[in-house]
Amino acid sequence: AQSVTQLGSHVSVSEGALVLLRCNYSSSVPPYLFWYVQYPNQGLQLLLKYTSAATLVKGINGFEAEFKKSETSFHLTKPSAHMSDAAEYFCAVTRSGGYNKLIFGAGTRLAVHP
Amino acid sequence: DVKVTQSSRYLVKRTGEKVFLECVQDMDHENMFWYRQDPGLGLRLIYFSYDVKMKEKGDIPEGYSVSREKKERFSLILESASTNQTSMYLCASTPGRAGANTGELFFGEGSRLTVL
């Protein structure tokens, strides 16, 4: 069965520092992987996705993620954090037999301090 | 722009009440979803609909039902609300047609339900 593990429920960084949010997955089929962001009092919106093309995926707002099959990881990074990046981030994987039905991780809340 | 609208952002209900959460999308999407979001648990799928009047149970369907009478509208029903159903509920949609579906879900802003 597919599953997603996000390491660290809370991450805090200084403005301008590197952002690294970790995601590991398990999947019995080639996965599609996603990162979503949720700003306070809003729904989720897509940051980026991996769908078996390039392993380094660039998304919106300067975020990127690298698919590493050998490590079953899809970590999210941004070179320089902005205050506006403070939000909750969710990693998700497609489940077998259900291309549309995603399995979400527990989420990582990112705090950015001056 | 893609738009998924949930009718109520905040609701307060009493134990035992019947609760309706409404979701409308304007993108002509075939697939619609109801998720529940709780701290530390992420999003869990309650029900999924891939066509009018068609539905599938998700991971946590107990205590919930759904209705999809029109393509654009997907309702979540709590027949008899309980305190453990206090949560954030998120509706999402996505195209079902081959080639149109990139796997991305389009979410509404959520409905925060409190059951007293």
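What's counted below: heavy atoms across the whole structure, side chains too, no hydrogens, waters or symmetry copies. First the proteins, then the strands, lettered A, B, ... as listed; each starts at 1.
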Q. Does any heavy atom of chain A fall under 4.5 Å from the side chain of B/L43, the backbone, both, or neither of them?
A. both
Q | Backbone of B/L105 reached by a side-chain donor or acceptor of A/Y36 within 3.5 Å | A | yes
(Q) If you compare all heavy atoms of A/F90 against all heavy atoms of B/Q37, which two are closest, and at what distance to 0.1 Å? (A) CZ-NE2, 3.3 Å
Q. In this structure, are over 12 heavy atoms from other groups packed under 6.0 Å from B/R44 atom CZ?
A. yes
Q: Answer with side chain, backbone, both or neither: which region of B/Y10 has an atom nearer than 4.5 Å to a non-hydrogen atom of chain A?
A: side chain
Q. How many angstroms lie between CG in B/D59 and CD1 in A/I103, if you round to the nearest 0.5 Å?
A. 7.0 Å
Q: Go through the atoms of B/Q6 and report whether side chain, backbone, both or neither lie under 4.5 Å from a heavy atom of chain A.
A: neither
Q.
With rounding to the nearest 0.5 angstrom, report the CG to OH distance, A/L44 to B/Y35.
A. 10.0 Å
(Q) Does any backbone or side-chain atom of A/E88 lie under 4.5 Å from a heavy atom of chain B? Answer side chain, backbone, both or neither. (A) side chain
Q) Shared ILVMFWY cluster between B/W34 and B/I60, side chains joined below 4.5 angstrom? A) yes
Q | Under 4.5 Å from a heavy atom of chain B, the part of A/Q38 involved | A | side chain
(Q) Which residues in residues 107-116 of chain B have any heavy atom closer than 4.5 Å to a heavy atom of chain A? (A) B/F107, B/G108, B/E109
**Q.** Backbone of A/N41 reached by a side-chain donor or acceptor of B/R9 within 3.5 Å
**A.** yes
Q: Give every residue pair that meets the disulfide (SG to SG under 2.5 Å) criterion with at least one member in residues 8-59 of chain B, sequence neighbours excluded.
A: B/C23-B/C91
Q.
With clusters defined by side-chain heavy atoms of hydrophobic residues (ILVMFWY) lying less than 4.5 Å apart, directly or transitively, does B/Y50 cluster with B/F74?
A. no
Q | Exercise: identify the closest heavy-atom pair between A/A106 and B/G40 | A | CB-O, 3.3 Å
